[in-house]
Amino acid sequence: MAIKFESLPVRALRRGRELAWDPTSIDFSQDRKDWTTLTPLEQEFLLSEVFGFLVGERGVAHDLAPLQQALRKERGRMEEEMYLTQQMYEESNHVEFFERWIAEVLPGKLGEDVPYPRGNASPFFKEILPGAMQRLNVDPSPEAQMRAAVIYHQIIEGVLAEVGYVIFYETLDTRGIMPGLRQGVRYIQQDESRHIAFGTYLAQRIMADDPAMEAVFDDEMENMRERAVHGTADYIAMFEERGETPFGLDREKFRKMGSDLFERRIRAVKKMGHVEV
């Protein structure tokens, strides 16, 4: 079967090639200097953001393949398989970027000279995402695909990561520090905007094939609502409970941002046939 060259997955694939970037091209020399200007609280919070993204990118690089395999079993999904191949490559780039930042900016080895950030591992990467993706190995049904795409493309990338980008920009742009980290984060956000577009397309396509899948989409979004909306705000609250607010961040602002992004993801998927790369 011929490839549909103007399908969203293939257009996103071409756009990804045009915007490809190399993590090794980013200079962290100023970041190393800027690290020493931060207070211990600010260092801990910034490291928690970087480490949280690293854990997330590693989790996705590990866990995304079953979705591609589920599409392969259906046959006739070549464009979608092709795009997921590029997405996994980009996730590997993101892993390398954050690993390099940690190795080249911190004054010592993470976990030995520099303590790991406090707090519990995110249930999204410890349990929820791997559980949904691994289910596809035994159940490649459209319902299982929908639930996996909701958790990854709509919640992890479409809500949690988007809030995380704003935290990076508000803490670093306003001071003009960490240029290497800021540059890489912008590249990653650019990549993941295409991932979100693909995930929206995929959810819409699954619903178009079987309208009963809209109820599955609604159910899984509702299952994720509480964690998606409150996750970042609850982490900021952990610092507030110690009597300190890193970088003057407003917990309620980020809770509202999570809520707004969550509702935006629902509207985007329900707006059938209108997805931009």
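Just so we're clear, the structure is a prediction, and the values are computed from it rather than from any experiment.
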So, the side chain of Ser92 versus the backbone of Met88: is there a donor-acceptor pair under 3.5 Å, distance only?
yes

Backbone N/O of Glu104 and side chain of Arg32: donor-acceptor pair under 3.5 Å
yes

Side-chain heavy-atom pair Met257, Lys253 within 4.5 angstrom cut-off
yes

Can you tell whether the side chains of Lys109 and Asp113 come within less than 4.0 Å, N to carboxylate O?
no

Closest approach of Glu79 to Ser7 (non-hydrogen atoms, all atoms of both residues)
CG-OG, 3.6 Å

I need the minimum non-hydrogen distance between Pro23 and Glu96, along with the two atoms involved.
CG-OE1, 4.0 Å

So, Arg11 side chain and Glu6 main chain: donor-acceptor pair closer than 3.5 Å or not?
yes

Give the cluster check for Leu19 versus Ile196: same hydrophobic cluster or not, with ILVMFWY residues linked at side-chain heavy-atom distances below 4.5 Å.
no

Using 0.5 Å steps for rounding, measure from the CD1 atom of Ile188 to the CD atom of Gln190.
11.0 Å

I need the His230 NE2 to Phe254 CZ distance, nearest 0.5 Å.
15.5 Å

For residues Ala61 and Val95, report the shortest heavy-atom separation together with the two atoms involved.
CB-CG2, 4.4 Å

Applying side chain to side chain contact (heavy atoms under 4.5 Å, CB included), run through Asn223 and Arg147 and close with a yes or a no.
CA-CA 10 Å; Asn223 288 343; Arg147 292 188 187 278; 4.0 Å; yes

Going through the distances and angles, do Phe45 and Ile167 end up as a side chain to side chain contact (heavy atoms under 4.5 Å, CB included)?
CA-CA 10 Å; Phe45 185 82; Ile167 287 179; 3.7 Å; yes

Calculate, to the nearest 0.5 Å, the distance between atoms OG1 and CZ belonging to Thr171 and Arg175 respectively.
8.0 Å

Donor-acceptor contact below 3.5 Å, side chain Asp34 vs main chain Met178
yes

With no hydrogens and no angle check, is any side-chain donor or acceptor of Gln43 less than 3.5 Å from a backbone partner on Trp35?
yes

Are the side chain of Gln30 and the backbone of Ile177 linked by a donor-acceptor contact shorter than 3.5 Å?
no

What verdict does the side chain to side chain contact (heavy atoms under 4.5 Å, CB included) test give for Thr85 and Gln68, after you've listed the backbone C-alpha separation in whole Å, the side-chain angles of each residue and the deciding distance to 0.1 Å?
CA-CA 8 Å; Thr85 299; Gln68 186 188 52; 2.7 Å; yes

Give me the one residue out of Glu157, Gln86, His153 that meets side-chain hydrogen bond (donor to acceptor under 3.5 Å, both in side chains) with His195.
Glu157

Can you tell me which residue among Glu170, Glu192, Arg186, Glu49 is in a side-chain hydrogen bond (donor to acceptor under 3.5 Å, both in side chains) with Tyr165?
Glu192

Do Pro107 and Val114 touch side chain to side chain, with heavy atoms closer than 4.5 Å?
yes

Let's go through Arg265 and Thr200 carefully: what are the C-alpha distance in whole Å and the side-chain angles of both, what is the deciding distance for side chain to side chain donor-acceptor pair (under 3.5 Å) to 0.1 Å, and is it a yes or a no?
CA-CA 8 Å; Arg265 298 316 320 146; Thr200 300; 2.7 Å; yes

Min side-chain heavy-atom separation Val150-Met146 under 4.5 Å
yes

Between CZ on residue Phe262 and CD on residue Gln154, distance to nearest 0.5 Å:
9.5 Å

Pair Arg264 + Asp260, salt bridge at N-O below 4.0 Å
no

Answer yes or no: is there an ion pair linking Glu214 with Lys270, defined by an N-O contact shorter than 4.0 Å?
yes

Does Tyr152 form a side chain to side chain contact (heavy atoms under 4.5 Å, CB included) with Asp63? I'd like the steps, not just the answer.
CA-CA 10 Å; Tyr152 177 53; Asp63 294 321; over 6 Å; no

Would you say the side chain of Tyr187 lies within less than 4.5 Å of the side chain of Glu90, judging by non-hydrogen atoms?
no

Glu57 side-chain N/O to Phe98 backbone N/O, donor-acceptor pair under 3.5 Å
no

Atom CZ of Arg227: over 12 foreign heavy atoms under 6.0 Å:
no

Shortest non-hydrogen contact from Arg135 to Ala144?
NE-CB, 3.7 Å

Cation over ring, Arg194 on Tyr83, under 6.0 Å and within 45°?
no

Nearest 0.5 Å, please: how far is CG in Leu13 from CZ in Arg15?
13.0 Å

Indicate, with yes or no, if Tyr89 and Met82 share a hydrophobic cluster defined by side-chain heavy-atom contacts under 4.5 Å among Ile, Leu, Val, Met, Phe, Trp and Tyr.
no

Is a salt bridge present between Asp218 and Arg225, judged by a nitrogen-to-oxygen distance below 4.0 Å?
no

Where do Asp209 and Arg77 land on the salt bridge (charged side-chain N to carboxylate O under 4.0 Å, His left out) test, with the steps shown first?
CA-CA 13 Å; Asp209 289 346; Arg77 307 294 184 197; 3.1 Å; yes

Sub-6.0 Å ring centroid separation between Phe97 and Phe53
no

Check for a donor-acceptor pair, side chain of Arg14 on one end and backbone N or O of Phe5 on the other, with a separation under 3.5 Å.
yes

State the CG-CG distance between Leu47 and Leu110, to the nearest 0.5 angstrom.
5.5 Å

Salt bridge (charged side-chain N to carboxylate O under 4.0 Å, His left out) between Glu99 and Arg58, worked out
CA-CA 10 Å; Glu99 289 274 12; Arg58 288 176 66 94; 2.9 Å; yes

Contact between Arg182 and Phe168 at the side-chain level, heavy atoms closer than 4.5 Å - yes or no?
no

Checking Trp101 against Asp31 for the side chain to side chain donor-acceptor pair (under 3.5 Å) test, could you report, in this order, the C-alpha distance in whole Å, the side-chain angles of both residues, the deciding distance, and whether it holds?
CA-CA 9 Å; Trp101 189 91; Asp31 294 47; 3.1 Å; yes

Criterion side chain to side chain donor-acceptor pair (under 3.5 Å) on Glu81 and Gln69, from CA distance to verdict:
CA-CA 8 Å; Glu81 290 184 57; Gln69 290 297 310; over 6 Å; no

For Leu136 versus Ala148, what's the shortest heavy-atom pair and its separation?
CD1-CB, 3.9 Å

Minimum-distance pair of heavy atoms, taken over all atoms of Asn137 and Lys73
O-NZ, 3.8 Å

Is any side-chain heavy atom of Val216 closer than 4.5 Å to a side-chain heavy atom of Met213?
yes

Could you check if a side-chain atom of Gln145 sits within less than 4.5 angstrom of a side-chain atom of Glu74, using non-hydrogen atoms only?
yes

Validation row: Leu181, Leu46 side chains within 4.5 angstrom (heavy atoms)
yes

Return yes if some donor-acceptor pair links the side-chain N/O of Asn93 with the main-chain N/O of Trp21 below 3.5 Å, else return no.
yes

